[in-house]
Q: 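Before we start, here is the structure in question, set down as structure tokens.
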Amino acid sequence: MGISELEESSLLLDEKLMRFMDQLELLEEKRAALNSLIEQGWFSMSKARYSMGNKCVSALQYASEIEPLVYVHARTLDTGDVDFCTERVKQKCGNEDGKDAKSIEDIGPQEKGVRRRIKPKKHITEEEASEEASCEKAPEVTPVRKHDPNPQQDPLKWFGILVPQTLKQAQSSFKQVVELSAEIATLQTAVLNSRQELKHSMKDKHILQEESSAAQLDNRAD
Amino acid sequence: MAGRGKLIAVIGDEDTCTGFLLGGIGELNKNRKPNFLVVEKDTSITEIEETFKSFLARNDIGIILINQFIAEMIRHAIDGHMQSIPAVLEIPSKEHPYDASKDSILRRAKGMFSAEDFR
């Protein structure tokens, strides 16, 4: 009875150990992929820096308003593992481009039409006064350009409008790294949980072993 | 946003931070607190540790990415973090390649096969 129980716990332990080893192997594989992707990203960034100039790809170019484009959802599973999955904020590609193009065109004086300096009142004749009044009214009619407070801007645009292809490659590498890092985070928690389970199973097995050996000694004594 | 997920924070050198920010993880919240720290030559260990602890305390951060050579500076703080969320991931840096033997998680996993466990 005791021996079969011991065998059972040993089998369970083996199974858990195999799962643990598989997880470690997978973690190592993903780590290698992550490291090579990061390296690729840096290499592309260095190429971009070479073509744009040394100071053109640095922390100085970060925008004053930064909105995240990636979120990570952490879900605790029944087994105690935590599943991390990334979600990318959808950028309106077609509209966004059009909007951006428009915003680039709009750079310049905010008020349309010719502005006129306000002259001291004593020199203003009646004609000029009426003309000025019409000018003042004009900006009310023209729609004021709405400033978008939350532009969800592509970080690539911090570095200029026409950025080199290599910077785009760097961005895509790092996007992949972000996704992979969520997978690695999931695996890491799974590895730690498996380790805990293994420890508990090993303790149980030791207890069973001690019990069975004690029982065997008793039998021999009898 | 009601169903908004968590953020990914990064503590690293300039290139690492720039890369991840290009990837779209950056945020400056209402209090203008960033979810990243660019570690320069003159950044003190205290500052790094405080930032790391503040990231751990924030409940809107799900994963913390940290360059391994910076993680080495605050190893005690990283080893002391036992929760699953936020997950701490050590990543290589340009001058310091990734060394699995230094990784907190892998060292913990390796500890499984120490002599004590087999007693």
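Protein chains get the first letters and strands the later ones, always in sequence-line order, with residue 1 at the start of each.
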Q: Answer with side chain, backbone, both or neither: which region of A:Thr186 has an atom nearer than 4.5 Å to a non-hydrogen atom of chain B?
A: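 For A:Thr186, no heavy atom lies under 4.5 Å from chain B.
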Q: Between B:Asn67 (side chain only) and B:Pro92 (backbone N and O only), is there a donor and an acceptor less than 3.5 Å apart?
A: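 Indeed, once roles are kept as given, a pair shorter than 3.5 Å links the two residues.
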Q: Counting heavy-atom pairs closer than 4.5 Å to chain B, which one of A:Met45, A:Arg88, A:Glu28, A:Arg31 comes out on top?
A: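 Of the candidates given, the most pairs with chain B belong to A:Arg31.
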Q: Mind ranking A:Glu39, A:Lys203, A:Arg49, A:Gln61 by heavy-atom pairs under 4.5 Å with chain B and telling me who comes out on top?
A: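 The option with the most such pairs is A:Arg49.
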Q: Determine, stepwise, if the pair B:Ile66 / B:Ile74 fulfils side-chain contact (heavy atoms from CB on, under 4.5 Å).
A: CA-CA 11 Å; B:Ile66 183 166; B:Ile74 52 161; 3.9 Å; yes
Q: With side-chain contact (heavy atoms from CB on, under 4.5 Å) as the criterion, how do B:Leu106 and A:Leu24 come out once you've worked through the C-alpha distance, each side chain's angles and the decisive distance to 0.1 Å?
A: CA-CA 9 Å; B:Leu106 289 178; A:Leu24 277 179; 3.9 Å; yes
Q: Select, from A:Leu27, A:Thr189, A:Asn35, the one with the greatest count of heavy-atom pairs under 4.5 Å involving chain B.
A: A:Asn35
Q: Name the region of B:Asp103, side chain, backbone, both or neither, that has any atom closer than 4.5 Å to a heavy atom of chain A.
A: side chain
Q: Chain B: which of A:Gly41, A:Ala170, A:Ser58 shares the most heavy-atom pairs with it under 4.5 Å?
A: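 The answer is A:Ser58.
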Q: Given heavy-atom pairs under 4.5 angstrom as the criterion, report whether the side chain, backbone, both or neither of A:Leu192 touches chain B.
A: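 For A:Leu192, the side chain is the part near chain B, not the backbone.
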Q: Select one option (side chain, backbone, both, neither) describing which atoms of B:Leu65 are under 4.5 Å from chain A's heavy atoms.
A: side chain
Q: Of all the heavy-atom pairs spanning B:Pro97 and B:Gln68, show the shortest one and how long it is.
A: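 So the minimum-distance heavy-atom pair works out to O-OE1, 3.8 Å.
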Q: Contact part of B:Val10 toward chain A, heavy-atom cut-off under 4.5 Å: side chain, backbone, both or neither?
A: neither
Q: Side chain from CB out, backbone as N, CA, C, O: work out which of these in A:Val82 comes under 4.5 Å of a heavy atom of chain B, or both, or neither.
A: side chain
Q: Of all heavy-atom pairs between B:Glu90 and B:Tyr98, which one has the smallest distance, and what is that distance?
A: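 What the structure gives for the nearest pair is O-CE1, 3.6 Å.
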Q: Is there a donor in the side chain of B:Ser104 and an acceptor in the side chain of B:Asp79, or the other way round, less than 3.5 Å apart?
A: yes
Q: Any Lys/Arg nitrogen of A:Lys175 or A:Glu179 sitting under 4.0 Å from an Asp/Glu carboxylate oxygen of the other?
A: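 So A:Lys175 does not pair with A:Glu179 through a salt bridge.
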Q: Taking non-hydrogen atoms and a cut-off under 4.5 angstrom, which of residues 16-36 of chain B neighbour chain A?
A: B:Thr16, B:Cys17, B:Thr18, B:Gly19, B:Phe20, B:Leu21, B:Leu22, B:Gly23, B:Gly24, B:Ile25, B:Gly26, B:Glu27, B:Leu28, B:Arg32, B:Phe36
Q: Does the distance from a Lys or Arg side-chain N to an Asp or Glu carboxylate O, for B:Arg75 and B:Glu72, drop under 4.0 Å?
A: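 B:Glu72 and B:Arg75: salt-bridged.
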Q: Are A:Asn193 and A:Thr79 close enough, and set up right, to give a side-chain contact (heavy atoms from CB on, under 4.5 Å), and what steps lead you there?
A: CA-CA 9 Å; A:Asn193 276 342; A:Thr79 52; 6.0 Å; no
Q: List the steps and the verdict of salt bridge (charged side-chain N to carboxylate O under 4.0 Å, His left out) for B:Glu49 and B:Lys53.
A: CA-CA 6 Å; B:Glu49 196 177 336; B:Lys53 283 181 179 168; 3.0 Å; yes
Q: Could you walk me through whether A:Leu13 and A:Leu17 pass the side-chain contact (heavy atoms from CB on, under 4.5 Å) test, one step at a time?
A: CA-CA 6 Å; A:Leu13 194 63; A:Leu17 191 64; 5.7 Å; no
